[in-house]
Structure formats: C-alpha cells, structure tokens
Amino acid sequence: MSRGITSGSRCRRQRRSVGALGAFGALVTAVTLLVGCTDGGSGGPDTSTSSPPPPSKAGTLRILAGSELKDLEPLLPDLKKATGISVTFSYTGTLDGADKILHGAADADAAWFSSDRYLRLLPGGAAKELVRTPVMLSPVVLGVRTPLAQQFGWTGDAQVTWGDIATKVSSGQLTYAMTNPAASNSGFSALVGVAAAFAGTGDALQVADIKTAPLKSFFSGQVLTAGSSGFLTDAFVKAPAASVGAMINYESVLLTLQRSGAAGPITIIRPHDGVITADYPMALLADNRRDEYTRVVTWLRSPEAQRRIQNDTSRRPAVPGVKLDARFGTGTPVELPFPATQQVADQLLAAYFDEYRRPTHAIYVLDVSGSMEGDRLASLQQALVGLTGADDSLSGRFARFRGREHVTMITFSSQVTGTRDFTITDPRPGSPDLKAITDFAGSLRANGNTAVYSALDAAYDKAAQATKADPNALTSIVLMTDGETNSGLDADQFTTRYDARPSTARAVRTFAVVFGEADRDALTTIATSTGGAVFDATAPGVSLSDVFQEIRGYQ
C-alpha cells in the first residue's frame, strides 16, 4: 500500500528516490493497501522503479512486483538456467499495482506482491488473476527488545496473545513501531490481525465485529511509523530503546534484524491467538504466458529453491515437506480471518486514521519563490488539493488529510512569508475544514528568492511548540523546494540552531522533496540527519501529487 519518495517501491507512477536510506519498500496495504507501495524489507524508501519492461515475448516473464522482492533477484540467473525463462521485475506499490491490474494497465505478464487480498476484495479484482500461486510465507508478528521481554516474562515458550500485548500498552509499559497500514502490508496486516483477535469470532471480520475501544487503546502505543517495513526497521534501530520497546513487522524482517544484532537482542513474539500471514502469491495476468508462468512458479516451489528462499530471505516455505530451521520456532501460527468485504477493510483503515492511532501534526514547508511561478506552482496547488480528497484513486483515498490531524502550512521565498494552521475535525471531502486548505492552496503566489534554511528553522520552531503542547502527537515536517538557498540562514547556522533545540523537537523527522533544480545533496543531508528521507519529484512520469501522497505513508 504505500508509495514514497525516498527510496522504496515505486508507487502510483514511477518514482525515484534520492535518499541514502536504502530500498524503500512500500506499501502493501489492503492487503497491501496502503496508499500505495510495497514494503521493502531492506532499508528506507526506494522508489527504484525499473525502466519500462521490454515487450512480452516467448521465453520471458515480465512481473509487476513489490520492491521488497528485490532480495530474490539473486535467484534469477539460476531460475533462467533451470527453466530457460528470463524474468524481469518492474517495481511498484501494491495499491498502485492493484489499480493497474484492475484497469488492465499493468503492462506485465504476472504480478507478485506480498499479498493480493485487497485486490481480490475489489469488484472484478479476483477475475484479473488467471492463476495465483503462493511462493513463500511470512506472518506479521512482534519483536520486543529482549530485556523488556524478560521483564514481562515473554521468553521461552510463553504463550503471549494480542490481548496481553494490549495490556502492556494500556499500562504504559510498552510502546512500539508499526508501518502505516495504508502504505504497507505489514501495518495493514497488523491492523486486521489485532481487530480480528479482539473480535474473537473466528469468522471473517464484519463491521459489527470491530471493537473500537480496545483498538484505540492498542494503537495508542504506536510511537513510530513509516511507509515501509524496511524504513521502519532503520528507524527502530536508530531509536533509543527507552522510547520504542518493540516493533510489529514481518517475521522475516525481525529474524534478519535479530541475526544482525543492529538493534540489540530481540525476542520474537508470535501471538498465540493468531496472525495474518503474507503468502507472496504470484498471479498470472497474461494467458499467452501461461507456460512461462508455470515453469517459473514450479521452480520457485521446488524444495531446493524453497530452502534457498528460507535461508537467504528468512521467509517460510510455502510448500509442505520443506523443513523449517529452528529460528522459526515450533508449530505453525494460527491464521486469523481477513475482512469479508472491501467495505470492512476500508472502514477499518478509515477508523485507524480518524479514531485509533495517535493524532498527527503535519508541518508543510512550501517554496513559493519566483522560480515556482507557472507550472510548478500549479503542481504544488494540485498536490495540496489532492490531499483534501480531490484525488479519489485507490492511492489518493487513503493519503488525504485525516480526522484529528493538525496541518501547518509555512510558505517561504526570500524569507518566511506566512504560517497557517488548520485542524481537521471533519475529514469528509468537501468539508469546511478541507475546503479551507483548498482555498489556501488557491491563494498561493510566487515571487522572491529562496530561504530554505530560514523556513526550515521556522518549521522546527513550530515543531518545538507542537511537541510541547501535545507530546503524544506524531509530528513530521515536509520540505518542498525547487531551488538552492540564496537568502536567509545558511546550512551551518541552521545546524547550530537545530542542535540547540530540545530532544523532542530534534526527534521530528523532515521529509524533503526534490523539485526543479533543488540542491539534492543539501536536501539529503537535511532529511537523513533528522531521520527522514528524500523524495524525487523530477523523475519522468512522476508528479508532485504522487510524491506528496507517498510521503503521507510516513506520517
């Protein structure tokens, strides 16, 4: 479900990230929903969308895939040697992928994401998959810092439930990191799994089964979010142990983290009452490639390939009879039921943003210097209006501003030219709250020079005020500029002021957008030094609207 400018999967349209945060993985949310992309298992955002796939021809299989599957690319030479089939990946986000598949615009012979459940809920979605074959498995589970797990008695064969986890959250003893469920399948799977566990019916989740109070209590413990499981892992590694005690993520990601020791000792909890498992189904889209598809999935499901996948990627075999290593524990996790309809999945997502999770405060720092005049300013205005609900695509629907959200717009040219605050109490498209943002966007005018660091300094002033007023809110900064700094504070002056700020303000992440001739190196330094990421809106086929929607997966 997600998208992202930084680096990760490419969503909605091709995007490339200039961040140094590794592969972004993007979202898979509704079932991968998310706002657009797939979860990358390695690193931060990575829009590394490959070049357009070559024309389909016999002996090839063009696969539209989630970027997290990049870790399977080393298998492709052996696959070709064994089957004679040349496989090429074209990466995109899951929601974007679902949208393309649904409308016959995938331009691929097959699709391969962590999950296709949301696609199959959409009207006509299941019929687009001529055949689907699960290739590997990874449940969404909980990784707890081991000293904390020992304190809770969650070691050995302890049978911990989602209810037990919720109790530790409600008592203030446990906080955790989790991806945005509209941008990443791991977050969406966690949302669905917890809702199903609390419902306790054992049947496919219905609207009447959703228990608001315990879900709101549970998600109050989420203190760190991201648009992909890979970026989330990077952020969790960097976070102080005292501030984030656990992470909900794919078992494969947690096993890899556990093996690396990068976050210290981690205890993996596979909730006893059940999980939602990604089964990575490869789906055939083009009937004239049925033979190639069959040979490819047959090889991938061979015992030898399954053992290699298990060893190299820490995902479970999808084929019975292939022995699990000891790292996966004993037994098979109970599988929780998925929502019965798209309506249930969408309502669960909407409630998560509008009711369950902590409120958010998004601070936008917008360049309105003279170089923005014309098409660039129009693109900025369109991007902002799209976030008010004007974009009704699958991706846009879950990227819009949400209930209980505070939004600050800081505009700058030669200096800061204005600051406007908005509070979203009614998130329905066309509401007075969202219309106020639409009107603000329409009022923007371009002139003057470019004072990037002065504007960003003002944003951190606002962030310091916001984190003091509401320490529980998830606060972030989005910096958009099309030029280099030629006015106001310089980089050293900004850094000196930033370093002197309270730790709560310094913890606010900046997501920077490369637009026009912006200084990429400077923006990368800004973003990575604050724990954020850089998104590139200059790649062919990528719009500023796409980028803003993708960033929403990280807020």
Does Pro271 reach the side chain of Thr161, with side-chain heavy atoms less than 4.5 Å apart?
-> no
Is there a side-chain contact between Glu68 and Asn185 (heavy atoms, below 4.5 Å)?
-> no
Please check if the side chain of Arg509 supplies one atom and the backbone of Gly532 the other of a donor-acceptor pair under 3.5 Å.
-> no
Check step by step if side chain to side chain contact (heavy atoms under 4.5 Å, CB included) holds for Val131 and Tyr293.
-> CA-CA 9 Å; Val131 184; Tyr293 168 87; 3.8 Å; yes
Can a donor-acceptor pair be found between the side chains of Ser186 and Thr179 at a distance below 3.5 Å?
-> yes
Might you work through the side chain to side chain contact (heavy atoms under 4.5 Å, CB included) test for Val169 and Thr175, ending with a clear yes or no?
-> CA-CA 6 Å; Val169 169; Thr175 57; over 6 Å; no
Enclosure of Asp157 CG (heavy-atom neighbours >12, cutoff 6.0 Å) | no
Salt bridge Asp391-Arg400, side-chain N to carboxylate O under 4.0 Å = no
So, is the end of the Lys70 side chain (NZ or CZ) under 6.0 Å from the ring centre of Phe89 and within 45° of the ring's axis?
-> no
With Val141 as partner, the option from Asn249, Leu255, Ile268 fulfilling side-chain contact (heavy atoms from CB on, under 4.5 Å) is Ile268
Find out whether the Lys NZ or Arg CZ of Arg315 is both under 6.0 angstrom from the six-membered ring centre of Tyr280 and within 45° of the ring's axis.
-> yes
Ile266 to Gln258 - nearest heavy-atom pair and separation | O-NE2, 2.8 Å
Can you say whether the rings of Phe219 and Tyr356 are parallel (under 30°), tilted (30 to 60°) or perpendicular (over 60°)?
-> parallel
Can you tell me how far CZ of Arg357 sits from CG of Asn180, rounded to the nearest 0.5 angstrom?
-> 6.0 Å
Begin with the C-alpha distance, continue with both residues' side-chain angles, and end with the deciding distance and a verdict on salt bridge (charged side-chain N to carboxylate O under 4.0 Å, His left out) for Glu335 and Arg117.
-> CA-CA 14 Å; Glu335 190 69 16; Arg117 291 189 181 101; 3.6 Å; yes
Any side-chain heavy atom of Thr60 sitting closer than 4.5 Å to one from Ile85?
-> no
Tell me, please, whether Tyr352 has Arg402 positioned over its six-membered ring: NZ or CZ under 6.0 Å from the ring centre and within 45 degrees of its axis?
-> no
Side chain to side chain contact (heavy atoms under 4.5 Å, CB included) between Ile551 and Gln555, worked out | CA-CA 7 Å; Ile551 290 176; Gln555 296 181 309; 4.2 Å; yes
For residues Ala286 and Leu130, report the shortest heavy-atom separation together with the two atoms involved.
-> C-CD1, 4.0 Å
Evaluate ring-ring contact (aromatic ring centres under 6.0 Å, His included) for Phe218 paired with Tyr176, printing each intermediate quantity in order.
-> CA-CA 10 Å; Phe218 182 89; Tyr176 60 86; 5.3 Å; yes
Donor-acceptor pair between Thr155 and Gln150 side chains, under 3.5 angstrom | no
Could Lys81 and Asp78 be called an ion pair, given the rule that one side-chain N must be under 4.0 Å from one carboxylate O?
-> no
Evaluate side chain to side chain contact (heavy atoms under 4.5 Å, CB included) for Val140 paired with Thr277, printing each intermediate quantity in order.
-> CA-CA 6 Å; Val140 173; Thr277 298; over 6 Å; no
Test item: Arg145 side-chain N/O and Ala263 main-chain N/O as donor-acceptor pair under 3.5 Å | yes
Report yes if some heavy atom in the side chain of Leu119 is under 4.5 Å from a heavy atom in the side chain of Phe113; otherwise report no.
-> no
Between the OG atom in Ser229 and the CG atom in Leu254, the distance rounded to the nearest 0.5 Å is 9.5 Å
Shortest non-hydrogen contact from Leu64 to Gly97?
-> CD2-CA, 4.1 Å
Lys/Arg-Asp/Glu bridge criterion (N-O < 4.0 Å) met for Asp234, Lys238 = no
Check for a donor-acceptor pair, side chain of Asp209 on one end and backbone N or O of Gln206 on the other, with a separation under 3.5 Å.
-> yes
Which atom of Arg301 lies closest to which atom of Pro134, heavy atoms considered = NH1-O, 2.7 Å
Heavy-atom count around Gln343 CD within 6.0 Å, excluding the residue itself: above 12?
-> no
Just wondering, do Thr167 and Gln173 contact through their side chains at under 4.5 Å, heavy atoms?
-> no
Just checking, any donor-acceptor pair under 3.5 angstrom between side chains of Thr267 and Thr146?
-> yes
Residue pair Ser114 / Tyr250, side-chain donor-acceptor N/O under 3.5 Å | yes
Heavy atoms of other groups near Glu304 CD, more than 12 under 6.0 Å | no
May I ask you to decide whether Asp107 forms a salt bridge with Lys100, counting only side-chain N to carboxylate O separations under 4.0 Å?
-> no
Please round to the nearest 0.5 Å and tell me the distance separating atom OG1 of Thr332 and atom CZ of Arg270.
-> 10.5 Å
Backbone of Gly274 reached by a side-chain donor or acceptor of Trp162 within 3.5 Å = yes
Is the shortest heavy-atom distance from the side chain of Pro317 to the side chain of Arg307 under 4.5 Å?
-> no
Would Asp325 and Arg316 pass as an ion pair if we require N to O under 4.0 Å?
-> no
Any side-chain heavy atom of Met178 sitting closer than 4.5 Å to one from Pro181?
-> yes
Output for pair (Leu284 CG, Thr133 OG1), nearest 0.5 Å, gives 8.5 Å
Considering all heavy atoms of both residues, which atom of Phe236 and which atom of Leu257 are nearest to each other, and what is their separation?
-> CD2-CD2, 4.0 Å
Electrostatic pair Arg120-Glu129, nearest N-O below 4.0 angstrom = yes
Distance col, row Leu348:CG vs Phe188:CZ, nearest 0.5 angstrom, shows 6.5 Å
Run the salt bridge (charged side-chain N to carboxylate O under 4.0 Å, His left out) check on Arg132 and Asp279 step by step: do they pass?
-> CA-CA 11 Å; Arg132 69 182 299 277; Asp279 62 352; 3.3 Å; yes
Sidechain-backbone polar pair: Ser302 side chain, Trp299 backbone, donor-acceptor under 3.5 Å | yes
Could you state the interatomic distance from CG (Leu174) to CD (Gln151), rounded to the nearest 0.5 Å?
-> 10.0 Å
Is any side-chain heavy atom of Gln222 closer than 4.5 Å to a side-chain heavy atom of Thr225?
-> yes
When the ring planes of Phe511 and Phe231 are compared, do they come out parallel, tilted or perpendicular, using 30° and 60° as the limits?
-> tilted
Ala318 and Gln306 have their tightest heavy-atom pair at N-OE1, 2.6 Å
Does one side chain, of Glu251 or Ser138, offer a donor that lies under 3.5 Å from an acceptor on the other?
-> no
If only atom types and distance count, is the side chain of Gln549 paired as donor or acceptor with the main-chain N or O of Phe398 below 3.5 Å?
-> no
Criterion salt bridge (charged side-chain N to carboxylate O under 4.0 Å, His left out) on Lys168 and Asp164, from CA distance to verdict | CA-CA 7 Å; Lys168 296 302 183 184; Asp164 295 329; over 6 Å; no
